[in-house]
Structure formats: C-alpha cells, structure tokens
Amino acid sequence: MAADDEVPEEVIRVTDVVTRFGDNLVHDGVSLSVRKGEIYGLMGGSGSGKSTLLKEMILLLRPDGGTIEVLGRNLAELGFEEAAWLRQQWGVLFQSGALYSSLTVAQNVGMKLREYTRLPEKVIDEIVRMKIRMVGLPDHAADLYPAELSGGMVKRASLARALAMDPRLLFLDEPTSGLDPIGAEAFDQLILKLRDMLDLTVVMVTHDLDSIWTVVDRFAVLGDHQVVAEGTLEEVIEQPHPIVRQFFWGARGRLRSAHGQ
Amino acid sequence: MRPDHPRQATKARLRSEQKADGWYLRLSGQWTAEKLEGVVGVLERLPARLGGTAVTWDFSEVGRMDSAGMMLHLHYRKELEKRGCRQKILGRTPEQEQLEALLLRHLPERIPKPASLASRLLRPLEGLGRATVNGFRDMRLFLEFLGENFLVLSRSLLHPLSIRFDAIAKNIEDAGVRALPIITLTSFLIGVVIAYQGAVQLQKFGANVFIVDMIGISVTRELAPLITAIVVAGRTGSSYTAQLGVMKITEEIDAMRVMGFEPHRFLVLPRILALMIALPLMIFFADLIGILGGMVVAHLHLNISWNEFLHRLQTVVAVKHFWIGIVKGPFFAWLIAVVGCFRGLQVSRDTESIGYYTTISVVNSIFLVIACDALFSVVFTQLGI
C-alpha cells in the first residue's frame, strides 16, 4: 500500500481556534478532534459559530488564532499544491445545495471528474450515473436542472457531487434542514450507509436532535464561544453545562429521549 | 517531505504480457481518479488488440483503488467481453470486491444514447419553433403586465394618497441625481465630437458661424434625449431588472403579495413614475452640457466667442427643438422602466436567469428607445414641426 493511502487516526484536529468578525467574538479557544471513520456532529444554537468553524475547516475562512489540522496538514501553512491536493480529498455539501444552476445534475456531478481527470467521456458518464443512483435519485434526474428539483432531490444531487471523486472526508452543512421528517430520516440513513460503503469520515453541522440520536457517533456542542461538551451521546448528555441541559432536557429533547433509542 | 505528499504518490499503470495461457494485464500503482491518465490510452487500445483471446486481470500490485478506477476497469472489461474474450481476475482484495459489487449494484442498465444525426440536424428548426412560441408568450405576458400596471395606475390616480411618494423620491435620486456625472461626461463629449466633425466641413465653406445652428438643433432635438435615454437604459433599466429579479428569487415579492402589498403599486409604479419625472430633467441637463461642449470647440477651433455663440443660439434655434427633445423624455422613460420591471418580474428561481433577463432588458429597452425615436422623427416631420 502506498503512503498516500494513509489517513491519520485524528483526521481533523482543531486547537484553540479564535474567530472574530469585527467586534463580534465567535470562537474563543475552540478545540476538538475528529477521528477516522466516524460521523462527527457539530451542534449548537444559531450564531454559535458551527458553520463558521466548518468553513474554516474547508479553507473558506481563516481563523484569527489557533490551528486547524486536516489530514495531518496545518491549514495555516499550506502551499499552493498542498491546498489543491487537500481540496481533492474532501467533498462538501452546502446547506442550500449550491448546485450550479446553469448545469444539469449530471454535469454538476461530473464537473470535478471532467476537470481533474483525463477519463474518457463514456466512463465519466457511467461514474456520474452510478453516483446519482447511489444517492437514491431516479435515473431521469440526471438531465434535470437544479431549478427543477425538489428540496430533498437538491440535497441528494449535491451529495452525489460531493462524492464524485471518492473523497475521504465529507463535510455536511445542515444536511437535513429543510427536509420533511421522513426525508430527513432517509437522508440520515443514506449517510450512514455511504460511510460504511465508502469508508468515509463525515463532519456534519446539525441542530437536528434526531440526527444526533441516530447517525452521529461523537459530537461537540458549541456555545459561549467554546466547546461546552464533546463526546458520544451518553457522555455529552451527562454534562451539567446549562447549554447542554437546554438542548437535551428542553421539551423537544425530552420528547426525543422518551421515545428515543 | 511528508510521506503522502501529492507528488510522491504513484500513478496508475497497466502492463500487458503474453503467456502460454493468454494475455496477462497487470495493474499497479494508485487507481484513483486523479492518477488514471496514464492508463486510459493503453486501455483504449485493448479491445482491438486482444479481441477473442483469454485475458487475466492481475490486481495484486494495485495500491488504493476508488470508484473511478474500478469503473474504468469495469468499462473495459465489458468491452472485452463484447469482443468475445474469456476473462479471469486475480489477486483482488476483499475491499476491491466489495467496491465492485457496490458499483455493479448501482450501475444503470442502459446509458442514454447520444442524439442521432437526424435529430441534431433538426435542432435549428426546434430552436426556431421554441423562439417563436416564447416570443408570443412574452408578448402575452407583457400585455398582462401592462394591463395590471394601468389598473394600478388608474386606481392610484383615483386615490392619489396611495401613491408611494417617498419611494418615487428615492428612485429619482437613484436614477436621476446619481446618474448626473456620467450624463455630464457623455453629453459633453457628444457636443465636442459633433462640433469637431462639423467644424472641419464648415471651415471649407467659410461658414464657421453655422456651427451654432448645427449644435443647437442636433443636440437639443436628437442627441441629448437619445444619449441620455441609452445611458439610463444601461444604468437604471438593468438595475430595475436586477433588483426585482433578486427580490423574486428571495421570495420577497411573494411575501409582499401575501401581505397585501401589490408589487405593482409598491415597486413597479414608483419606478416608472420616478423615471418619467427624472428623464426629461436629465435631458434638459444634457442639453446644457452638450451645447457647452460644442461651445468650447467652437471657441477654440473656429474663433467664435462665447457671446457670439450664445447670441446666435438665441436667434437661430427655435424653442420647439428644445421642447421636442424634452417631450421625448417621458416616453423613453416609460419604455425603459416598463421593460426593466417586466423583465425583472420574469426572473425565475435560478440565479442564472437574473443575468439573462438583465441583458435582455437592456437590449430590449435600447432597441425600443431607438425605434421610438425614429417614430417621433417621422411623425414630427410629417406634421411639419
């Protein structure tokens, strides 16, 4: 096996990250780590900076302090080539899908393959159609434009695009928001299945308690500019921190605990 | 150097070897999407070379393999199968077998065929048909838009207090006051250009002083209105389309509708009225600046003094020319604003359509302004004005 294949045990390590937007302090010493092969959740109320943290992990934003390491590389010290390599290693599902509206679903999914590989068109087409099926979209969806898709289909198409190059890391920004409970449940199951099939490490931003209960292996709760709790569900739920109590012992959380598991 | 620096990873390779029991294809290196370029050419030649023989795929030296690599292998395995090859597979890891099973499970049975030659040849006809149908649909929608607009306008005139005067004022500032610098620049330059071109010809006849007639009439009657309208169409017409288009995408327009604020009364009508008020004023301003431009050239080039120029301007240029130019203003403004708003409300859910309709809106409104100007010329000439 070549060295390129090795994914470190700690896929992502965030240490003491500080983020500020003007006077607005978002993160003040956020630290967490994501292990290989797990589905990791970033949780927290609106404005707690979970999406910001995700954007910092995927090189869209730079933290004002602290370090972030992804696949063993410090994001602050990346060279041009390393950054390009790193971007090949992950797939990102944006909250609203962010499909290119001028391209069909098949073109959206095949974009990276066309740009970064020299595979023959026939093979790319086969891969694209396979991915589209894999995420549970019907075959005819391939030739539709994003504007013609329903919300759930946009998410699935966007997931197929994120998976096009077989990434090792998958980032999901609120994958189930805007889906009905049945669709959200199906999407969660899909992510579980894909993780097992494709050997992925998944980082998802979510505030869907159902997702936390069903798919997430470990997660961090952000609040007060920091990580107030990190670990498995059993570990976090025992934490006495008021934000954690609010989340899991508020009316909705209690309901879930009563029916859950 | 770190162990898995990108440059160190080995590219995918494929060696073929003939043995007593047929061909051996030995795969090695990284069979991942970005490392495959070297083997595509080799694989492409395989079916022709190996047709009908026994082939063994040897996986024992393969490093990482992803679905692109596996799919490439599967594709050519199928091709060889079609050519009657007997194929065997050696040395695969359980993960690779799982990957193959996974891909085969999700492989669509048939890939849609590319369009046939005949249907591609018919495409221009299809395009023509679509364009015609769309043209008629746009026409109908435009009439609907105008109808709704007049309805709102007449209701507003019955209840003058319901007119959004603050919105009108704001739009006058955006479309009018803020456009003055660019209007100044363009109309000054137009005056200069006309005067220069005229000066060369007039000097030949020693008819220097007629430059005043020429500039006075051409600027006030034709050039100032036209140039101002074209600048406004590019600047304000496009921004109307983009503003309303974005509001359409973010569902603000739907939100207004359900709250009982008709977009026509709150968005469209103020824009139309504002531009109809602002454009004649801007034309007046452009008249002044254009004539000033001409005056400067006349002074420098033809030795006509400021006083002489102004005096002759008053005596030879009838005031009707000025009024004709101003009267065109509201008409041009109406065309620009109506087209801009109409196209803005046509924007659909995707972001691309904003660019599309903004372009169309500017093209349409400039064309309509010029066509309208031509119509005015014919009418005024026939009326002997």
Side-chain angles (χ1 to χ4, degrees), chain A residues 1-8 71-73 79 81-82 84-86 88-89 99-103 106 112-113 115-136 138-140 142-143 145-148 163-168 193-194 196-199, chain B residues 1-11 28-30 32-41 43-44 62-76 78-79 93 95 98-99 101-112 114 249 348-356:
Chain A
M1 285 266 171
D4 198 24
D5 198 26
E6 282 163 23
V7 176
L71 293 169
R73 284 160 182 76
E81 225 172 287
E82 272 187 318
W85 176 82
L86 207 52
Q88 303 254 327
Q89 308 305 312
L99 293 170
Y100 303 117
S101 56
S102 57
L103 305 177
K112 264 182 129 179
L113 287 166
E115 200 57 39
Y116 291 123
T117 71
R118 303 253 177 84
L119 293 173
E121 198 58 29
K122 287 173 290 184
V123 176
I124 290 185
D125 211 50
E126 282 179 354
I127 298 175
V128 165
R129 280 170 200 276
M130 185 271 291
K131 300 276 174 184
I132 287 174
R133 279 203 152 197
M134 200 191 259
V135 297
D139 285 347
H140 69 85
D143 299 316
Y145 284 91
E148 299 166 319
L163 292 172
M165 293 276 281
D166 283 20
R168 300 154 193 229
K193 204 174 83 186
L194 288 173
D196 297 337
M197 285 195 313
L198 305 177
D199 209 7
Chain B
M1 202 180 254
R2 292 199 184 96
D4 55 343
H5 189 276
R7 267 176 300 197
Q8 268 194 340
T10 44
K11 291 202 180 314
S28 59
Q30 301 282 310
T32 55
E34 70 271 32
K35 302 267 187 291
L36 288 172
E37 45 186 271
V39 295
V40 171
L43 283 165
E44 193 62 51
V62 174
R64 213 165 90 90
M65 192 167 205
D66 70 358
S67 53
M70 185 57 89
M71 198 60 113
L72 193 70
H73 157 71
L74 288 177
H75 181 82
Y76 288 99
K78 220 168 20 182
E79 292 284 308
T93 60
E95 289 93 51
Q98 275 169 17
L99 181 63
L102 175 72
L103 296 193
L104 287 177
R105 200 159 62 235
H106 291 288
L107 208 59
E109 293 80 35
R110 47 171 196 85
I111 300 272
I249 287 188
S348 56
R349 249 179 65 187
D350 54 321
T351 42
E352 196 198 11
S353 69
I354 286 202
Y356 174 76

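Every chain is numbered from 1 and lettered A, B, ... according to where its sequence line falls, protein lines coming before strand lines. Everything numeric in this text was worked out from a predicted model, so none of it was measured.
Considering every non-hydrogen atom in both A/Pro120 and B/Val40, the closest pair reads CD-CG1, 3.6 Å. Minimum heavy-atom separation, A/Met165 to B/Asp66: O-OD2, 4.0 Å. The two residues A/Ile127 and B/Ala68 have their closest heavy-atom pair at CD1-CA, 3.5 Å.
No part of A/Lys112 comes within reach of chain B, as not one of its non-hydrogen atoms sits under 4.5 angstrom from that chain. For chain A, the nearby parts of B/Leu72 are the backbone and the side chain; heavy atoms of each come within less than 4.5 Å. For A/Leu113, the part lying near chain B is the side chain, with the backbone staying farther off; criterion is any non-hydrogen pair under 4.5 Å. Within the 4.5 angstrom heavy-atom criterion, atoms from both the backbone and the side chain of B/Leu103 approach chain A.
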Start with the C-alpha distance between A/Lys131 and B/Ser67, add both sets of side-chain angles, then the distance that settles side chain to side chain contact (heavy atoms under 4.5 Å, CB included), and finish with yes or no. CA-CA 9 Å; A/Lys131 300 276 174 184; B/Ser67 53; 2.9 Å; yes
Determine, step by step, whether B/Leu36 and A/Leu119 satisfy the side chain to side chain contact (heavy atoms under 4.5 Å, CB included) criterion, reporting the C-alpha distance in whole Å, the side-chain angles of both residues, the deciding distance to 0.1 Å, and the verdict. CA-CA 7 Å; B/Leu36 288 172; A/Leu119 293 173; 3.5 Å; yes
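For the pair A/Glu126 and B/Lys78, the salt-bridge criterion is met [side-chain N within less than 4.0 Å of a carboxylate O].
Looking only at heavy-atom pairs under 4.5 Å with chain A, the residue among B/Glu37, B/Glu352, B/His75 that has the most is B/His75.
A distance of 5.0 Å separates CD in A/Gln88 from CD in B/Glu34, rounded to the nearest 0.5 Å.
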